[in-house]
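Below is one structure, written out as structure tokens; comments come after it.
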2 protein chains.
Amino acid sequence: MENTGDNGCEASDDGRTLKSLERSFAIISELKEREVAGVTELANATGLSKGSVHKHLATLRAGDFVTKDDRAYRLGLRFLDIGADVRNQIEGNTLIQEKLRELAEETGETAQFTVREHGRAVVLYRETGMQGVFSKGRVGKRFHIHHTAAGKAMLAQMPREEVQRLIDTYGLTAATENTITTETALFDELDKVRKQGFAINESESTRGLRAVAVPIVDSDENILGAFAIAGPAHRLKHEQLENEISDLIHRSVNELELNLAHS
Amino acid sequence: MENTGDNGCEASDDGRTLKSLERSFAIISELKEREVAGVTELANATGLSKGSVHKHLATLRAGDFVTKDDRAYRLGLRFLDIGADVRNQIEGNTLIQEKLRELAEETGETAQFTVREHGRAVVLYRETGMQGVFSKGRVGKRFHIHHTAAGKAMLAQMPREEVQRLIDTYGLTAATENTITTETALFDELDKVRKQGFAINESESTRGLRAVAVPIVDSDENILGAFAIAGPAHRLKHEQLENEISDLIHRSVNELELNLAHS
DNA sequence: AATAAAATTCACTAATACGAAACAACTATG
DNA sequence: CATAGTTGTTTCGTATTAGTGAATTTTATT
């Protein structure tokens, strides 16, 4: 696995941020990767002293952000508590879940609702159909926005200069040999998406994974997110995605948009 | 709504914790309750200066724990990212979801998988059946352990002195007029639960809500959590819970325990 | 356009987070 | 069973830095 700098926790030395908090983030980050770790291990990983790491962990523990069994520290469920709360704050979340469920049932594949946050695409809800789980993309997972169908669907709704800004900030990193990595290719793709009304992901994030996505916008043209259906390339043929499946998603998105407008 | 001190974020003045981190927690806590807030509002709420709150928010923002639109600060999806990751670390999570789904489908009600963390019961997974959502208990939500069927199911599996310790630490706060609030009543109830093999919640956490729960233990007697079915009292009759539904959950739990033992 | 309010930046200082080392608790090993 | 070797926890002095309050910039309001 290449390090694309995903868990951005480099300490910044300008005086505009709290260093101690950043150190906590670093500890959390390391703990996330390791699932379970001890004080010494984390001290080595972060470059902090054992005593300091201990203090951080003790504080995080008091806030339920970290658990400790014996000498094994883990991340706690407070993150889920807050995360689920944040997720439930978006309007129409129950409706969104219902629609996803319909989609998952009708297609038998995985249906996802994705939003963007900063420059990333984040999967907020996920329902899997009968065909079972073809994972990648668990809830909460953050993707580079140009790697995913949902991401491209959202980008296509954004003004060109905003897309440009995202490119300038985050670049166009590759995930597979199919990933779009040049500006011109991306803008061409977004034009196509805009014309079609849906975006397709042809193994651009994971080899063997296909997906279609349709953007969701409210009456004020705000991008709320995107619905997507994803599955293994051997089950989901390209023509299916372009026809039946994109139609299904469109129908769901339209119904959702209508319902949201009346509330 | 009474303040039971749920979001425990009182600053402790012993030198064993990081004060600046605790202040961040306080800000996060306030932000969670308000959904959206500005610097001044948070400064007033926490008693910190505007400048300081700003610095905290800037740092949290850099870590994707907070988002800012215009002058509106909100909690970010990083919490969901980490939370979902923590949740997925528990063994057999896919199996658990499958079983919940079966249960939700068979009963038409809401099926939940709950674990304990520290003295609380936390809903980790949740599947809703056709009868629709009778909410309370979204994913990640933390309950006082004696308020819920799942909590009582887990307590019944714990050694008496550990239960005692929890009571001593957290007390037996009331949520409704049915909540068990005395030690003797609780221990009696746990005896009953142990004999029956399931726990019932008769409007002990929310008026009009009934639930049954069965504990899940592994081959080493470790308590992994509990499965529960919950729904409105008018749909779920007491006899149903004691008979058909508790049997259904038992079957699922047994299958799950078996599967977990072989891995 | 003018005024008000809120967010951000700045400089200074008191608070405190950090590191190093001592101490305690637990593991492994002979 | 004793001893050496880890690992976690606590203590303490000090350098760092987090916080305050005011100045400055930005955004909203009249």
Side-chain angles (χ1 to χ4, degrees), chain A residues 9-31 33-76 118 162 165 220 222, chain B residues 9-31 33-76 118:
Chain A
C9 275
E10 294 82 52
S12 51
D13 51 357
D14 52 15
R16 303 211 290 225
T17 51
L18 295 196
K19 306 243 173 94
S20 70
L21 233 191
E22 280 172 350
R23 290 188 257 255
S24 269
F25 292 171
I27 291 172
I28 290 168
S29 209
E30 293 294 336
L31 208 42
E33 274 174 26
R34 280 151 222 263
E35 294 205 4
V36 41
V39 175
T40 325
E41 190 180 353
L42 291 169
N44 292 335
T46 56
L48 295 170
S49 70
K50 284 198 298 176
S52 192
V53 169
H54 177 77
K55 226 176 180 181
H56 276 267
L57 288 171
T59 314
L60 288 165
R61 201 151 91 87
D64 277 339
F65 290 101
V66 156
T67 352
K68 185 187 149 190
D69 284 317
D70 224 29
R71 76 174 32 120
Y73 285 93
R74 297 164 197 276
L75 291 178
H118 302 129
E162 208 179 326
R165 202 163 346 114
D220 303 329
N222 295 315
Chain B
C9 274
E10 293 81 53
S12 53
D13 51 358
D14 52 15
R16 302 211 290 224
T17 50
L18 295 195
K19 306 238 174 99
S20 69
L21 232 191
E22 279 172 351
R23 290 189 257 255
S24 269
F25 292 171
I27 291 172
I28 290 168
S29 209
E30 293 294 337
L31 208 41
E33 274 174 25
R34 280 152 222 263
E35 294 206 4
V36 40
V39 174
T40 326
E41 191 181 352
L42 291 170
N44 292 335
T46 56
L48 294 171
S49 70
K50 285 199 299 176
S52 190
V53 169
H54 177 77
K55 229 175 180 180
H56 276 266
L57 289 172
T59 315
L60 287 164
R61 201 151 92 87
D64 277 340
F65 289 101
V66 156
T67 350
K68 185 189 144 188
D69 282 319
D70 226 25
R71 77 175 30 110
Y73 284 93
R74 297 162 196 276
L75 291 178
H118 302 130

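Letters A, B, ... are given to chains in the order of the sequence lines, protein chains preceding strands, and every chain is numbered from 1.
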Name each donor-acceptor pair under 3.5 Å that joins a side chain in residues 59-69 of chain B to protein atoms two or more places apart or in another chain, with its distance.
residue: B:Thr59; atom: OG1; partner: A:Leu18; partner atom: N; Å: 2.8
residue: B:Thr59; atom: OG1; partner: B:Lys55; partner atom: O; Å: 2.8
residue: B:Asp64; atom: OD1; partner: A:His118; partner atom: ND1; Å: 2.6
residue: B:Asp64; atom: OD2; partner: A:Arg142; partner atom: NH2; Å: 3.2

Return a single string for nucleotides 17-30 of chain D, one symbol per nucleotide in 5' to 3' order, where B is base contact, S is sugar-phosphate-only contact and - is none, cutoff 4.0 angstrom on heavy atoms. SBBB------SS--
Nearest-0.5 Å distance, [atom1] of residue [X] to [atom2] of residue [Y]:
X       : Y       : atom1 : atom2 : value
B:Ser20 : A:Lys19 : OG    : NZ    : 12.5 Å
A:Leu21 : A:Arg23 : CG    : CZ    : 10.5 Å
A:Glu33 : A:Leu75 : CD    : CG    : 11.0 Å

Residues in side chain to side chain contact (heavy atoms under 4.5 Å, CB included) with A:Asp70, at least two apart? none
Sequence neighbours excluded, which residues qualify as side chain to side chain contact (heavy atoms under 4.5 Å, CB included) partners of B:Glu41?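 With sequence neighbours excluded, B:Glu41 shows a side chain to side chain contact (heavy atoms under 4.5 Å, CB included) to B:Arg34, B:Ala37, given in chain and number order.
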Strand contacts (DNA chain C) in residues 36-43 of chain A, 4.0 angstrom heavy-atom criterion: none
B:Glu35 meets the salt bridge (charged side-chain N to carboxylate O under 4.0 Å, His left out) criterion, sequence neighbours left out, with none
So, is [X] close to the [N] phosphate, meaning a side-chain N or O under 4.0 Å from OP1 or OP2?
X       : N     : value
A:Tyr73 : D:dT9 : yes
B:Arg16 : D:dT9 : no
A:His54 : D:dT9 : yes

Nearest heavy-atom pair of A:His56 and A:Ser24: which atoms, and what distance? ND1-OG, 2.6 Å
Of all nucleotides in DNA chain C with an atom under 4.0 Å from a non-hydrogen atom of chain B, which is the first and which the last going 5' to 3'? C:dA6 to C:dC18
Below 3.5 Å, can you tabulate the donor-acceptor pairs from side chains in residues 42-51 of chain A to any protein atom, sequence neighbours excluded?
residue: A:Asn44; atom: ND2; partner: A:Thr40; partner atom: O; Å: 3.4
residue: A:Thr46; atom: OG1; partner: A:Leu42; partner atom: O; Å: 2.7
residue: A:Thr46; atom: OG1; partner: A:Leu48; partner atom: N; Å: 3.4
residue: A:Ser49; atom: OG; partner: A:Ser52; partner atom: N; Å: 3.2

Rounded to 10°, the helix from C:dA1-D:dT30 to C:dG30-D:dC1 deviates from straight, judged by its five-pair end axes, by 50°
